[in-house]
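None of these values were measured; they are calculated from a predicted model. Quick note: numbers below take in every heavy atom, side chains included, and nothing from hydrogens, waters or symmetry partners. We're numbering straight along the sequence, starting at 1.
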Amino acid sequence: MAGDHRVTLHKRHAFRTNTNRVKTIRTPGGRHTAQYIAKARKGPRCGDCKISLPGIKHMNSSEFKNAKTREKTVSRAYGGSRCHTCVRNRIVRAFLIEEQKIGKKVLAEKLKKTTKTA
């Protein structure tokens, strides 16, 4: 029959809350002790489409503060803020708007020429 696996929690209360989850482990000395389980972090998300940003670690705020810059960002425009799809859409949209402006200017010049000659 298995031995007793009851353990004493080290933190201040015994309630089974989300931050007070423990796993019972066996130490090399043969005792059973409580090992606290860290919460799974969501990680940074894209500001436009809300997907999890690939290439950036999932950390809590204190770990994120102490992390290196290369762990917090991606070397691209809008690196740690927007995903690659949204950045691509922004670039394409800006290009098309510029093209539209040029097209309007050309049409206006053409219209001006035809009104001058007529």
- Task: Could you walk me through whether Arg16 and Arg21 pass the side-chain contact (heavy atoms from CB on, under 4.5 Å) test, one step at a time?
- Result: CA-CA 6 Å; Arg16 289 181 57 155; Arg21 292 181 305 146; over 6 Å; no
- Query: Can you list the steps and then say if Thr17 with His13 is a side-chain contact (heavy atoms from CB on, under 4.5 Å)?
  - Reply: CA-CA 9 Å; Thr17 60; His13 59 71; 3.8 Å; yes
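Thr115 places a side-chain N or O within 3.5 Å of a backbone atom of Leu111 that can act as its donor or acceptor partner. A donor-acceptor pair under 3.5 Å is absent between the side-chain atoms of Ser81 and the main chain of Tyr78, judged by distance alone. The closest donor-acceptor contact from the side chain of Asp48 to the backbone of Cys86 lies at 3.5 Å or more, if one exists at all.
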Report, one line per pair, each donor and acceptor closer than 3.5 Å where one atom sits in a side chain of residues 53-66; sequence neighbours left out.
from, atom 1, to, atom 2, distance (Å)
Lys57, NZ, Glu71, OE2, 3.4
His58, ND1, Arg41, O, 3.1
His58, ND1, Lys42, O, 3.2
His58, NE2, Ser52, OG, 3.3
Asn60, OD1, Ser62, N, 3.4
Asn60, OD1, Ser62, OG, 3.1
Asn60, OD1, Glu63, N, 2.9
Glu63, OE1, Asn60, N, 3.3
Asn66, ND2, Ser62, O, 3.2

Please list, one pair per line, the donor and acceptor atoms closer than 3.5 Å that link side chains of residues 26-40 to other protein atoms, with sequence neighbours excluded.
from, atom 1, to, atom 2, distance (Å)
Thr27, OG1, Arg31, N, 3.2
Thr27, OG1, Arg31, O, 3.1
Tyr36, OH, His10, N, 2.9
Tyr36, OH, Lys11, N, 3.0

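The line from OG1 of Thr24 to CG of Asp4 is 10.0 Å long, rounded to the nearest 0.5 Å. Between Cys83 atom SG and Arg88 atom CZ the span is 11.5 Å, to the nearest 0.5 Å. For the atom pair Arg12 CZ and Asn20 CG, the distance stands at 9.0 Å (nearest 0.5 Å).
If you chain together hydrophobic residues whose side chains sit under 4.5 Å apart, Val22 and Ile25 never meet in one group.
For the pair Arg90 and Arg82, the tightest heavy-atom approach, listed with the atom from each and the gap, is NH2-NE, 3.1 Å.
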